[in-house]
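See structure below.
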Amino acid sequence: MSEIKVINMNSRVVILAALVLSGIGALYYNMLPLYLGAAQDDKMLANNQIGFLSFSFFLGYNILTISAFFWIRKVDWRLLTLVSLPFCCIALYASSFLDSFEALIGSTVIAGAAFASLYGLGATILGDTDNPARWYGAKIALEAAIGAVLFLILPSTLMIDNGFDGLVLGMILTILVLSPLLLFVPSHGAKDEGYAGLDKSAQKTGLPKVTIWMTLLGTVLFFSAETTIWAFIERIGSVMEFEATAVGNLLSVTLVCALTGSFLAIYLGDRFGNVRPLVSSGVLFFCALLGLGQAQDFIFYAVSACAVMFSVGYGIPYAFSEIAELDTDGRYIVLTVPAIGVGAMIGPAIAGYLAEGKNFVPVLIFGGVCIALAIVLLASARRFMPKAASLEEG
């Protein structure tokens with residue numbers, strides 16, 4: 001096999017392209033609450049139908065990214081980007097005029113797959129850099145920033161007169177504005193077979209796969225815990241009988257806290273490895289759960305809610321980075337994408353059954369158990385590596 005041309009994965013333009021891939025790939029997911037609400041109003045859908053719409057998106061999302069494990073290092077990444085972008089726009093546009101619910105479900109599955117292919121590719125490219133923790137922090141920050149800007153702009157502009165159609169148009173325009181930056185997407189990565197700079201012995205031998213699967217499972221549980229609490233944080237405030245406007249404003253502040261956590265990950269990079277930041281984010285999350293369980297006044301509730309979202313923005317980049325470092329052949333990093341998707345699906349679903357009327361203590365306990373198991377798995381995975389293959393401990 002002829003050698004593949006060397007690509008500098010630490011190039012600013014390559015990293016920028018990967019960040020934009022992730023930003024576009026996360027667009028549908030980040031706009032999902034507004035998307036579902038507007039779709040329900042426009043198409044007169046029942047609550048169970050918009051729930052199934054969300055499920056359909058994650059179905060396409062997870063099928064695509066799980067299958068990517070087998071082909072992500074075998075396809076031309078520029079071609080993948082070129083094919084996926086039009087499908088994102090077409091699936092969005094189709095959803096605006098489809099009247100049949102079954103057809104809408106089909107377009108949503110396609111949208112899930114198309115957006116996930118871009119998101120998974122962005123995660124894969126950043127995993128090939130020398131400092132993935134830093135760039136995964138930037139990735140999450142950019143995703144949240146794009147979503148926050150659209151949440152602020154679209155309801156007061158395109159959606160005023162056009163509702164759901166205006167939202168769809170705004171999302172498509174966002175994709176078109178960002179897409180020129182994808183010209184810098186590389187055709188392949190640093191861990192591809194035949195890459196001139198790859199340590200072939202590392203690729204051939206690899207690390208015990210149990211270490212990677214433990215880390216992936218830890219990521220599922222980590223995101224499951226985080227999503228569970230985020231999904232019920234407003235309901236907890238409502239049960240505490242805090243003012244609805246204050247709780248709504250607080251939710252916006254918590255997103256800023258998530259951005260702050262990501263910025264901290266960008267600043268620290270791999271200075272303290274991956275394990276210690278993961279453990280510290282888990283401890284912070286656990287303390288926030290205790291605060292939510294004991295909150296009697298709004299300030300205590302607000303601080304705890306902000307701590308939850310700060311730990312999300314701070315911890316997730318290091319979970320991704322840990323998998324990227326353990327993944328010597330470069331195929332497993334794309335599985336972080338369905339790991340997030342699965343966590344986002346199962347966490348709130350299980351917690352919904354645990355919630356008892358106005359008692360959300362079982363939900364907090366469930367979140368605490370998930371985060372504890374996640375940290376144990378993420379912190380202990382490296383112990384299963386043989387000394388000869390051990391990476392520098394984080």
Side-chain angles (χ1 to χ4, degrees), residues 12 15-34 115 118-119 122-123 126 129 131-155 170-171 174 177-178 181 219 222-223 225-231 233-234 237 246-272 274 277-278 280-285 287-289 291-292 301-321 336-337 340 343-344 371:
R12 292 180 183 273
I15 291 173
L16 176 61
L19 293 174
V20 172
L21 275 172
S22 296
I24 295 176
L27 179 63
Y28 196 111
Y29 171 78
N30 285 335
M31 300 304 296
L32 200 57
L34 191 59
F115 279 95
L118 298 177
Y119 191 78
L126 295 177
T129 63
N131 195 344
R134 171 165 294 157
W135 302 122
Y136 283 135
K139 165 184 173 307
I140 291 173
L142 178 64
E143 293 164 10
I146 292 174
V149 169
L150 292 183
F151 266 117
L152 288 174
I153 293 177
L154 293 183
M171 293 171 69
T174 300
V177 168
L178 293 174
L181 295 171
T219 302
F222 192 99
F223 204 75
E226 307 281 9
T227 307
T228 294
I229 304 305
W230 170 245
I233 198 74
E234 186 275 337
V247 173
N249 292 335
L250 172 63
L251 294 179
S252 299
V253 175
T254 61
L255 291 177
V256 175
C257 291
L259 280 171
T260 304
S262 296
F263 288 140
L264 179 59
I266 295 170
Y267 173 73
L268 294 177
D270 57 4
R271 190 176 305 175
F272 299 105
N274 300 318
L278 278 169
S280 62
S281 68
V283 170
L284 176 61
F285 182 87
C287 291
L289 293 183
L292 288 173
Y301 163 76
V303 170
S304 299
C306 289
V308 165
M309 294 310 292
F310 180 89
S311 71
V312 176
Y314 179 52
I316 287 295
Y318 287 103
F320 275 39
S321 180
T336 56
V337 181
I340 285 178
I371 203 70

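Any value given below was found using the heavy atoms of this structure, including those in side chains, with hydrogens, waters and symmetry copies removed.
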### Task
Can you tell me which residue pairs pass the side-chain hydrogen bond (donor to acceptor under 3.5 Å, both in side chains) test with a partner in residues 16-31, sequence neighbours excluded?
Tyr28-Tyr35
### Task
Under the side chain to side chain contact (heavy atoms under 4.5 Å, CB included) rule, collect the residues that match up with Ala246, sequence neighbours excluded.
Glu243, Phe298
### Message
Any heavy-atom pair between the side chains of Asp270 and Arg134 that's under 4.5 Å?
### Response
no
### Query
Under the side-chain contact (heavy atoms from CB on, under 4.5 Å) criterion, do Ser321 and Leu126 qualify, and how do the steps go?
CA-CA 9 Å; Ser321 180; Leu126 295 177; over 6 Å; no
### Query
Who passes side chain to side chain contact (heavy atoms under 4.5 Å, CB included) against Thr227, sequence neighbours left out?
Phe223, Ala344, Pro348
#### Entry: Rounded distance [0.5 Å steps], CE in Met171 versus CD1 in Ile146
11.5 Å
#### Entry: Leu250 side chain reached by Cys306 side chain, heavy atoms, under 4.5 Å
yes
## Note on the structure
Between the CH2 atom in Trp135 and the CD1 atom in Ile15, the distance rounded to the nearest 0.5 Å is 4.5 Å
### Message
Enumerate the salt bridge (Lys or Arg N to Asp or Glu O under 4.0 Å) contacts for residues 246-260, please, sequence neighbours excluded, ordered by first and then second residue.
### Response
none
### Message
Is any side-chain heavy atom of Ile233 closer than 4.5 Å to one of Tyr301?
### Response
yes
### Interatomic distance, Leu118 atom CG to Leu27 atom CG [nearest 0.5 angstrom]
10.5 Å
### Query
Residues two or more places apart in sequence or in another chain: which of them pass ring-ring contact (aromatic ring centres under 6.0 Å, His included) with Tyr119?
none
### Query
Residues in side chain to side chain contact (heavy atoms under 4.5 Å, CB included) with Leu34, at least two apart?
Met31, Phe151, Pro155, Met159, Leu167
### Query
Which pair of non-hydrogen atoms, one from Glu226 and one from Val308, has the smallest distance, and what is that distance?
OE1-O, 3.6 Å
### Task
Supply the atom-to-atom distance Ile229 CD1 to Leu289 CG, rounded to the nearest 0.5 angstrom.
5.0 Å
### Query
To the nearest 0.5 Å, what is the distance between CG (Leu284) and OG (Ser304)?
9.5 Å
### Contact summary for Ala133 and Tyr318, nearest pair of heavy atoms
CB-CE2, 3.6 Å
### Query
With sequence neighbours excluded, what pairs up with Glu143 under the salt bridge (charged side-chain N to carboxylate O under 4.0 Å, His left out) test?
Lys139
## Note on the structure
Between the CG atom in Leu19 and the OH atom in Tyr136, the distance rounded to the nearest 0.5 Å is 10.5 Å
Run the side-chain donor-acceptor check on residues 253-267: report pairs under 3.5 Å with partners two or more places apart or on a different chain.
from	atom 1	to	atom 2	distance (Å)
Thr254	OG1	Leu251	O	2.6
Thr260	OG1	Val256	O	2.9
Ser262	OG	Ala258	O	3.3
Ser262	OG	Gly313	O	3.2

### Where Ala307 and Ala288 come nearest, the two heavy atoms and their spacing
CB-CB, 3.8 Å
### Partner residues of Phe222 under the ring-ring contact (aromatic ring centres under 6.0 Å, His included) criterion, sequence neighbours left out
none
### Summary
Sorted by chain and number, sequence neighbours left out, side chain to side chain donor-acceptor pair (under 3.5 Å) with Thr336 holds for none
